[in-house]
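Step one of this worksheet: look at the structure below.
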Amino acid sequence: MAQLPLADLAQRLLRKPTHALDAEERRVLDSIDSGTIVSRDAADEADARASLGDRLADRVAAVGGSWGFIIGFTVVLIGWMLLNTDVLAHFGMAFDPYPYIFLNLMLSTLAAVQAPVIMMSQNRQAAKDRLAASLDYETNLRAELDILRLHHKLDGVVLDRLAALEAKIDGLANRAPTA
């Protein structure tokens with residue numbers, strides 16, 4: 001099959017003019033035209049596009065959303081309370097006695113910083129999901145168009161074969177019978 005210009009491919013395969021193609025369709029048709037693959041790993045693409053802030057937000061969300069963090073932070077909180085209630089209070093040196101106003105300030109500060117960072121990570125994950133969907137669409141479109149092209153090619157081969165068989169049958173039918 002001869003290589004067709006992009007406009008011909010767009011019209012024949014997608015039934016759209018070139019100017020009506022979206023970016024994914026154009027990339028798929030370009031890959032068909034050049035004979036290259038279109039599938040890419042969404043995780044690799046997302047990592048390549050990630051900034052330092054994106055990667056940092058992902059790490060903070062991974063640590064802050066883990067059981068290790070929850071257990072460790074619970075131990076720190078209980079230790080802080082015991083230290084300021086029993087141990088240091090016994091010597092009159094408690095720097096943050098009950099109701100733990102400084103601890104409350106530290107927790108509020110942590111929550112104020114951690115929440116937006118986790119939201120950034122969630123936004124990045126949503127962007128990864130959109131990228132994966134877009135790449136999946138491109139791959140699926142390419143596979144569908146390749147199957148369609150194979151069907152057209154097979155139809156042509158079958159029609160050529162049928163025409164050859166009909167010609168042979170006509171040739172045999174037109175022969176004069178010998179007595």
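Quick caveat, the model's predicted, so the values are computed rather than measured.
A pairwise comparison of heavy atoms in S31 and R142 identifies OG-NH1, 2.7 Å as the closest pair. Here the shortest heavy-atom pairing between A7 and T18 reads CA-OG1, 3.2 Å. Looking at every heavy atom in both residues, S134 comes nearest to E24 through OG-OE2, 2.8 Å. N84 and A89 make their closest contact through O-CB, 3.7 Å (heavy atoms, listed as atom of the first residue, atom of the second, distance). Of all heavy-atom pairs spanning M120 and A57, the tightest one is CB-CB, 4.0 Å.
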Quick one: side chains of residues 99-116, donor-acceptor pairs under 3.5 Å with protein atoms, not counting sequence neighbours, listed by atom name and distance.
| residue | atom | partner | partner atom | Å |
| --- | --- | --- | --- | --- |
| Y100 | OH | T85 | OG1 | 2.2 |
| S108 | OG | N104 | O | 3.0 |
| T109 | OG1 | L105 | O | 2.8 |

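In this structure, Q11 contributes its side chain and D8 its backbone to no donor-acceptor pair below 3.5 Å. Under the 3.5 Å distance criterion, the side-chain polar atoms of D54 are matched with a main-chain donor or acceptor of S51. Side chain of N174 to main chain of D170: a donor-acceptor pair is present (N/O by atom type, distance under 3.5 Å, no hydrogens or angles).
The only member of V76, L77, I78 that meets side-chain contact (heavy atoms from CB on, under 4.5 Å) when paired with T74 is I78.
Within a 6.0 Å sphere centred on CZ of R59, other residues, nucleotides and ligands contribute 12 heavy atoms or fewer. Atom CE of M81 has more than 12 heavy atoms from other residues, nucleotides or ligands within 6.0 Å. In Q125, the CD atom is crowded: over 12 heavy atoms of neighbouring residues, nucleotides or ligands sit closer than 6.0 Å. In this structure, Y98 places its OH atom where only 12 or fewer heavy-atom neighbours from other residues, nucleotides or ligands lie under 6.0 Å away.
Under the 4.0 Å criterion applied to side-chain N and carboxylate O atoms, D47 and R124 are assigned as salt-bridge partners. Using a cutoff of 4.0 Å between basic side-chain nitrogens and carboxylate oxygens, R26 and D30 are not scored as salt-bridged.
Annotation: the span from R15 atom CZ to R12 atom CZ amounts to 9.0 Å, rounded to 0.5 Å. Rounding to the nearest 0.5 angstrom, the gap separating the CE atom in M93 from the CG atom in L83 is 9.5 Å. Taken from CG in D160 to CG in D155, the straight-line distance is 11.0 Å, to the nearest 0.5 Å. With values rounded to the nearest 0.5 angstrom, D58 atom CG is found 10.5 Å from Q122 atom CD.
Cluster membership for L145 and Y137, using ILVMFWY side-chain heavy atoms within less than 4.5 angstrom, is shared. Put simply, L141 and V38 are part of the same group of oily side chains (I, L, V, M, F, W, Y) that touch within less than 4.5 Å, one to the next.
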Exercise for review: Check the pair V28 / L14 against side chain to side chain contact (heavy atoms under 4.5 Å, CB included), numbers first and verdict last.
Suggested key: CA-CA 11 Å; V28 168; L14 297 174; over 6 Å; no
Practice item. Could you check I32 against D146 for side chain to side chain contact (heavy atoms under 4.5 Å, CB included), going step by step and ending with a plain yes or no? Key: CA-CA 8 Å; I32 288 172; D146 282 343; 4.2 Å; yes
Practice item. Start with the C-alpha gap between D33 and L29, add the side-chain angles, then the distance that decides, and say whether side chain to side chain contact (heavy atoms under 4.5 Å, CB included) holds. Key: CA-CA 6 Å; D33 187 41; L29 291 179; over 6 Å; no
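Ring centroids of W80 and F95 are separated by less than 6.0 Å, placing the two rings close together.
Counting only residues at least two apart or in different chains, salt bridge (charged side-chain N to carboxylate O under 4.0 Å, His left out) contacts with residues 125-139 comprise R27-E138, R40-E138.
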